[in-house]
Amino acid sequence: MVRNRMLERLSTKLLNVCIASFCKVNKLEKAESVIIDAIRLGLLPDVVTYNTLINAYCRFVGIDAGYSILHRMGEAGINPDVVSYNSLIAAASRNSQISRSLDLFDEMIQRGIAPDVWSYNTLMHCFFKLGKPDEANRVFRDIILGDYTPCAATFNTMINGLCKNGYTENAFMLFRKLQHHGFVPELMTYNILVNGLCKIGRLGTAKRIIKEIGGSGYVPNAITYTTVLKCCFRKRKFEEGLELLSEMKSKGYTYDGYAYCTAIGALIKIGKIKEATEYMVQLMKTGIKLDIASYNTLINMYCKDGKLEEAYKLLDEIEKEGLECDKYTHTIMIDGLCKAGNIEGAIRHLKYMNLMGFDSNLVAFNSLVDGLCKVGRIDTAMKVYKSMEVRDSFTYSSLVHNLCRIGKYRKASKLLLSCLRSGMNILKSAQRAVLSGLHYSGFRGEAKKLKSKIRMARILNH
DNA sequence: TTAGGGTTAG
């Protein structure tokens, strides 16, 4: 009897190894048929089998599919455990469905399943993604001071979250304090910090950290390089950036599209479309399989070059490759159509995007507002502006500039003031346009008054 | 479970 149970356990273990190998390569049907065969032979799947399935369904099909496995488990008389829920919570977080992650976390607790350190790491990550660093910090303290043993991911998530929420200095201090208390950083920890420092323009400190990587026994990887590459372009050090890219090529670090797309994106931004195209050709020659972000970069390049037909061809290619357009793809297309003066086409695409399940986003609306202004339909642009629930400095800068362009300085001034009241910045060039416009069109008093308001706003908004 | 690339104003 005991021997039989041992054999059964061994067989379930083998079954799970088999299921895991199929799940890893997205052969879900095969995995399911193996489970059916195993049941026929009297071998029952256990919690590990189902957890493997949850993970794979979440990854390759969707969270709903993953969640349905929970019911299947229940029907088979197997209770989900913390691993089952961790997979679902993480999958929702990966898909930016943060409120769903939090709901799943609550559901797990309500079912009497105790969260582990992984659950809390993900919860912390969710709070950071929601822009709630205080809540994340509370979770972090609970892990450290509670009954849990933090792991490297706990510290990495905390440091990364602080950087992403604008607290890079605090992240750096935490990193040093932790090191002082014996924390040994992983390459990922260094990369997180390098990225944070690069984003706030501290390239020098980032380079010092990279030197520390060498001393720690790690070798900077493709991620480290791409991070610095991006920073070089941001700081307009184009030659240094392109040299870094060729160094990456020689090291074999261009095995995916990230570095190429960083360079192409930067070249597009400064209007060097010809050079960007050259890098696109290089990227194509490598045979690297393009993902949606790479396609978006290339579509943007064609749009900026006014080659909308080529952009549409890439949209077809995305579909042929079995990829799905995302909010970036649609927004890039909307902007491309606006820039080409095809407002009706842009509005059609906006509706199509909604139909595909994407909410209209701020960037798409800003493009539309700007496009309408550029074709002289400023009243319609104002109508769109009024209908927008969220506005940012792009919305205001665009409208203010274009109102000045047609000599409507007082209207521009009114808009500029409402922007300042909302605590937002506006391009200096837009401010100057209003001030000098008012001044030279006979409204010197108003210009003076506006100037002092701008000065006050500068004090209050900082 | 955590790290790099993709969208808008001048």
Side-chain angles (χ1 to χ4, degrees), chain A residues 83 86-87 89-91 93-94 116-126 128 150-161 163-164 185-196 198-199 220-231 233 248 253-254 256-266 268-269 283 290-301 303-304 326-336 338-339 361-371 373-374 392-402 404-405 425-433:
Chain A
V83 180
N86 280 349
S87 287
I89 295 166
S93 157
R94 263 201 310 274
D116 63 6
V117 69
W118 285 18
S119 327
Y120 281 111
N121 287 346
T122 315
L123 186 66
M124 195 164 63
H125 185 61
C126 286
F128 275 127
C151 59
T154 314
F155 299 116
N156 291 344
T157 306
M158 184 65 190
I159 294 169
N160 184 43
C163 289
K164 294 275 159 66
E186 297 178 321
L187 179 56
M188 192 188 278
T189 328
Y190 286 113
N191 282 343
I192 287 167
L193 211 55
V194 168
N195 188 39
C198 279
K199 287 245 163 84
N221 63 4
I223 295 178
T224 329
Y225 272 82
T226 316
T227 307
V228 180
L229 182 70
K230 171 96 179 162
C231 188
F233 289 133
M248 286 183 77
Y253 282 172
T254 44
D256 59 22
Y258 280 71
Y260 278 107
C261 289
T262 306
I264 293 170
I268 296 169
K269 225 162 239 166
L283 170 63
L290 302 183
D291 61 6
I292 191 65
S294 308
Y295 273 111
N296 289 342
T297 307
L298 304 185
I299 290 173
N300 189 33
M301 196 188 72
C303 284
K304 291 286 186 296
D326 60 9
K327 69 168 184 178
Y328 289 94
T329 328
H330 295 302
T331 310
I332 290 166
M333 283 308 297
I334 289 164
D335 184 62
C338 285
K339 292 268 192 303
N361 61 69
L362 179 59
V363 178
F365 272 127
N366 282 343
S367 291
L368 187 61
V369 165
D370 192 61
C373 289
K374 294 269 161 61
D392 66 359
S393 67
F394 279 80
T395 331
Y396 286 102
S397 296
S398 193
L399 276 167
V400 168
H401 257 297
N402 283 293
C404 288
R405 209 164 51 93
N425 287 321
I426 190 163
L427 277 182
K428 287 264 165 42
S429 58
Q431 294 175 11
R432 279 196 300 270

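Just so we're on the same page: letters track the sequence lines, and every chain starts at 1.
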A.B. asks: Does any donor-acceptor pair link the side chain of A:T122 with the base of B:dT1 at a separation under 3.5 Å?
C.D. replies: no
A.B. asks: Checking A:F365 now: which residues fulfil ring pair (Phe, Tyr, Trp, His ring centres under 6.0 Å) with it, not counting sequence neighbours?
C.D. replies: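 For A:F365 there are no ring pair (Phe, Tyr, Trp, His ring centres under 6.0 Å) partners, ignoring immediate neighbours.
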A.B. asks: What is the distance from atom CG of A:N121 to atom CE of A:M158, rounded to the nearest 0.5 Å?
C.D. replies: 11.5 Å
A.B. asks: Between B:dT8 atom C1' and A:Y396 atom OH, what is the distance in whole Å?
C.D. replies: 16 Å
A.B. asks: Quick check for you: among B:dT2, B:dA9, B:dT8, whose closest atom lies nearest to any side-chain atom of A:S398?
C.D. replies: B:dA9
A.B. asks: In whole angstrom, what separates A:N402's CG from B:dA9's P?
C.D. replies: 11 Å
A.B. asks: Distance check needed: B:dG4 C1' versus A:Y260 OH, whole Å only.
C.D. replies: 16 Å
A.B. asks: Of A:T224, A:N156, A:T226, which meets side-chain hydrogen bond (donor to acceptor under 3.5 Å, both in side chains) against A:N191?
C.D. replies: A:T224
A.B. asks: Hey, is the side chain of A:T262 pairing donor to acceptor with the base of B:dG5 inside 3.5 Å?
C.D. replies: no
A.B. asks: Take atom NE2 of A:H330 and atom P of B:dT8, then tell me their distance rounded to the nearest Å.
C.D. replies: 16 Å
A.B. asks: Checking only heavy atoms, does the side chain of A:T297 share a donor-acceptor pair with the base of B:dG5 at less than 3.5 Å?
C.D. replies: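 Side chain to base: no pair below 3.5 Å.
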A.B. asks: Please confirm whether the backbone N or O of A:V363 pairs with a side-chain atom of A:T331, one donor and one acceptor, at under 3.5 Å?
C.D. replies: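 Pair absent, no side-chain N/O of A:T331 close to backbone of A:V363.
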A.B. asks: What is the distance, to the nearest angstrom, from the CD1 atom on A:I426 to the P atom on B:dA9?
C.D. replies: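 Value for this atom pair: 14 Å.
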A.B. asks: What about A:D256: does its side chain form a donor-acceptor pair under 3.5 Å with the base of B:dG4?
C.D. replies: yes
A.B. asks: Assign A:S393 to base, sugar-phosphate, or nothing according to its heavy-atom contacts below 4.0 angstrom with the strands shown.
C.D. replies: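 Base contact - A:S393 has a heavy atom under 4.0 Å of at least one base atom.
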A.B. asks: Expressed in angstrom and rounded to an integer, what is the separation of A:K164 atom NZ from B:dA3 atom C1'?
C.D. replies: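 Value for this atom pair: 7 Å.
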A.B. asks: So, for A:C338 and A:S367, which heavy atoms are closest and what is the spacing to 0.1 Å?
C.D. replies: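 That closest heavy-atom pairing would be SG-O, 3.6 Å.
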A.B. asks: Is A:F394 stacked on the base of B:dT8, meaning ring centres closer than 5.5 Å and planes within 30 degrees of each other?
C.D. replies: yes
A.B. asks: Would you kindly say whether A:D326 and A:T329 are connected by a side-chain donor-acceptor distance under 3.5 Å?
C.D. replies: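 Yes, a side-chain donor-acceptor pair sits under 3.5 Å.
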A.B. asks: Go through B:dA3, B:dG6, B:dA9 for me and flag the one nearest to the A:L427 side chain.
C.D. replies: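 Looking only at heavy atoms from C-beta outward on A:L427, the closest nucleotide is B:dA9.
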A.B. asks: Who pairs with A:S393 by side-chain hydrogen bond (donor to acceptor under 3.5 Å, both in side chains), at least two apart in sequence or on another chain?
C.D. replies: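 With neighbours one apart ignored, the set is empty.
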A.B. asks: Is A:K304 near enough to B:dT8 that one of its side-chain N or O atoms lies under 4.0 angstrom from OP1 or OP2?
C.D. replies: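 Indeed, a polar side-chain atom of A:K304 lies that close.
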A.B. asks: Rounded to the nearest angstrom, tell me the gap between atom OH in A:Y190 and atom P in B:dG4.
C.D. replies: 18 Å
A.B. asks: If you check the A:S294 side chain, which of B:dA3, B:dG6, B:dG5 turns out closest?
C.D. replies: B:dG5
A.B. asks: Which pair of heavy atoms, one from A:R405 and one from A:C373, lies closest together, and at what distance?
C.D. replies: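 Nearest heavy atoms, A:R405 then A:C373: NH2-O, 3.4 Å.
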A.B. asks: Between atom NE2 in A:H125 and atom C1' in B:dA3, what is the gap in whole Å?
C.D. replies: 11 Å
A.B. asks: When you measure from every atom of DNA chain B, which of residues 361-369 of chain A have a heavy atom less than 4.0 Å away?
C.D. replies: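 Contacts with DNA chain B under 4.0 Å: A:V363, A:N366, A:S367.
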A.B. asks: Could you check whether A:N221 gets within reach of a base, just the sugar-phosphate, or nothing at all, counting any heavy atom under 4.0 Å?
C.D. replies: base
A.B. asks: Looking at every strand, decide which applies to A:R432 at a 4.0 Å heavy-atom threshold: base, sugar-phosphate, or nothing.
C.D. replies: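 The answer is nothing, as A:R432 stays clear of every strand by at least 4.0 Å.
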A.B. asks: Looking at the side chain of A:K230, which of B:dT2, B:dG5, B:dG4 is the nearest nucleotide?
C.D. replies: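 Ranking B:dT2, B:dG5, B:dG4 by closest atom to the A:K230 side chain puts B:dG5 first.
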A.B. asks: Do A:D326 and B:dG6 have a side chain to base donor-acceptor pair shorter than 3.5 Å?
C.D. replies: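 Such a pair is found, so the answer is yes.
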